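Below is one structure, written out as structure tokens; the observations come after it.
Note that the structure is a prediction, hence the values are computed from the model and not measured.
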Amino acid sequence: MLDLQYICDNLEPVAENCRNRGVEVDLDSIVALRGRRSELITSGDELRREQKATSSQIPTAESDEAKQVLIARGRELREQLQGLDGELAEVEADLRSGQSCIPNMTHPDAPIALGDDGHVELRRWGDVPEFDFEPRDHVAISEAHNLIDFEAGSRVAGHGFYFLKNEAVLLELALMQLAVTRLREADFTLMTTPDLAKDEIIEGIGFLPRGPESQIYSIENSELSLVATAEITLGGAFKDQVLEIDDLPLRCAGISHCFRTEAGAHGRATRGIYRVHQFTKVEMFGFTAPTLEASNAFHNEVVEIEEGLFQALEIPYRVVDTCTGDLGGPAYRKFDLEAWMPGRGDGGDWGEVTSASNCTDYQSRRLGIRCRTPGKKGTEFVHTLNGTAVATSRALIALLENHQRADGTIHIPEALRPWIGSDQIG
RNA sequence: GGAGAGGUGGCAGAGUGGCCGAAUGCACCGGUCUUGAAAACCGGCGUCGUGUAACAGCGACCGGGGGUUCGAAUCCCCCCCUCUCCGCCA
């Protein structure tokens, strides 16, 4: 959520930003609602002041008649106030829902475009493997080595669910171990997190928990939903807290399951574990001082960690600067890592494996996460950032497909061996 | 899941209808004193909204929401959370 004052003071830049991001908003109605809100607050305050003055005279009223007059006046004031408060509640609800539709402002260097093709590749690492045999995709590979059971997944939970088996299990655990070990070295506080969260928290982070388009599974007859990422729980962990600026940046690394309905994804490439309803993830989350210097620096650090991990996995990747149309609501800038996946598309393709966003104060404003600076009055909203350390399902795809050999065995990168106990599968 | 107790400022802890945005203590900040520190003494010490050039002023906030009343931290209803005991359980 953007600051209301900011929106009204910067109508044209905000409108332009919305156009760049492909979001339609009615800024005029927001301005009008804000004006009405101010009027209601001002007259409400005035009524309350008079109400206080009136009722404080009652105990010392000279006569019973005088007292009755004051009581009648007080009753009248209360009724007026109830009317005002009712309207105020409506206006604020409308204002808030309008305000929530406005996306975050955008980093000046982010590419401006609406479609996928607007992304800008910043750099590449590693060489795309050239096979002197016909490479298999991860589905075929896991069939050969008995690594993933899709049929059992379907029987138990339906399409989009799966069982990992044998070395795939070890690989998933090893990926998490590697990520967690490195994040601990980088001074992140490790945490496991709830896999459910209140809708209020989910909205604060910027997801829509209910409704036909929702990517989120919600629990019937409750305010809870299954999380789509630990970003939700890690950000929500500090809801309504005031942090000391000297304690920032706060680095958290959360392990969680991620649940996604993938509504509207039917018909898209659905083979294998690229797009599934449940996967496991190690997520980074940061709270920084409320300056772009601080959060941009942290953003770069997050991407560096992600790159370090994929380098350790010996997987070729490219870093992509996400264009305005694909930033979503909360992100100010987003860098994705796309790993090379030889089995994807026709002859291999890049596939998103991580995503790192600087959300500036967009999430913290709605969640009420602030910081205090000694000697400075008041508090400010912190900046929040999130990034995938490793999403095990997609990392697994890249791992299996890039490291397959002509004889059918799969090379295991050095970095994972401590947890696998072997240098190859098969 | 059942029974009880409780949620008040950074913390502790008063406050059962008006004089309460809230005693007191601790912590914290500034000052006096001191060679320095401690102690003592004096003063300050919340957040949000509105407003101001900046002060001031005004309003809201005693777990959350609703209600009663001229007036609610205080009375009533619903919800959440914490603690103790019992049951169940990895």
Quick one: [X] [atom1] to [N] [atom2], roughly how many Å, whole number?
| X | N | atom1 | atom2 | result |
| --- | --- | --- | --- | --- |
| D85(A) | rC61(B) | CG | P | 10 Å |
| E244(A) | rG10(B) | CD | P | 11 Å |
| L88(A) | rC48(B) | CG | P | 19 Å |
| E39(A) | rG51(B) | CD | P | 12 Å |
| I41(A) | rC61(B) | CD1 | P | 14 Å |
| D246(A) | rC28(B) | CG | P | 17 Å |
| R370(A) | rG46(B) | CZ | P | 14 Å |
| E46(A) | rA60(B) | CD | C1' | 15 Å |

request  = Decide whether a cation-pi geometry holds between R394(A) and F279(A); the criteria are a distance under 6.0 Å from NZ or CZ to the six-membered ring centre and an angle within 45° of the ring axis.
outcome  = no
request  = May I ask you to establish whether R251(A) and F285(A) are in a cation-pi arrangement, using a distance under 6.0 Å from NZ or CZ to the six-membered ring centre and at most 45° from the ring axis?
outcome  = no
task = Would you indicate what R78(A) reaches in the nucleic acid, counting non-hydrogen atoms under 4.0 angstrom: base, sugar-phosphate, or nothing?
result = base
query = Reckon T379(A) touches a base, only the sugar-phosphate, or nothing at all at heavy-atom distances under 4.0 Å?
reply = sugar-phosphate
Determine the interatomic distance between [atom1] on [N] and the same-named atom on [M]; round to the nearest Å.
| N | M | atom1 | value |
| --- | --- | --- | --- |
| rG25(B) | rU8(B) | C1' | 16 Å |
| rC88(B) | rC80(B) | P | 25 Å |
| rG63(B) | rC81(B) | C1' | 7 Å |
| rG65(B) | rG46(B) | C1' | 23 Å |
| rA22(B) | rU74(B) | C1' | 12 Å |
| rC33(B) | rA38(B) | C1' | 12 Å |
| rU84(B) | rC79(B) | C1' | 22 Å |
| rA5(B) | rA56(B) | C1' | 46 Å |

Under-4.0 Å salt bridge between [X] and [Y]:
| X | Y | value |
| --- | --- | --- |
| E203(A) | R366(A) | no |
| K281(A) | E283(A) | yes |
| R182(A) | E185(A) | no |
| R417(A) | E414(A) | yes |

Considering Watson-Crick and G-U wobble pairs with both distances under 3.5 Å, what does [N] pair with?
| N | result |
| --- | --- |
| rG10(B) | rC26(B) |
| rC85(B) | rG2(B) |
| rG59(B) | rC48(B) |
| rA40(B) | rU32(B) |
| rG71(B) | none |

message = Is it the case that the side chains of Y317(A) and E307(A) hold a donor-acceptor pair, with the cut-off being a distance below 3.5 Å and no angle test?
response = yes
message = Please tell me whether Q5(A) and D9(A) have a donor and an acceptor in their side chains that are separated by less than 3.5 angstrom.
response = yes
Please enumerate all protein N or O atoms sitting under 3.5 Å from an N or O of nucleotides 15-22 of chain B, with distances to 0.1 Å.
{"from": "rG18(B)", "atom 1": "N2", "to": "S55(A)", "atom 2": "O", "distance (Å)": "2.7"}

Can you find a side chain N or O atom of [X] that sits less than 4.0 Å from OP1 or OP2 on [N]?
| X | N | answer |
| --- | --- | --- |
| R75(A) | rC70(B) | yes |
| Q51(A) | rG71(B) | yes |
| R372(A) | rG10(B) | no |

ask   = Stepwise, does the salt bridge (Lys or Arg N to Asp or Glu O under 4.0 Å) test hold for R19(A) with E12(A)?
value = CA-CA 11 Å; R19(A) 284 193 295 276; E12(A) 193 32 52; 3.1 Å; yes
key: Given RNA chain B, 5'-ward residue of the pair D45(A) and R34(A), judged by closest heavy atom   = R34(A)
key: R37(A), nearest nucleotide to its side chain (from rC58(B), rU50(B), rC48(B))   = rU50(B)
note = Of the candidates rA60(B), rC70(B), rG49(B), the side chain of R48(A) sits closest to rA60(B)
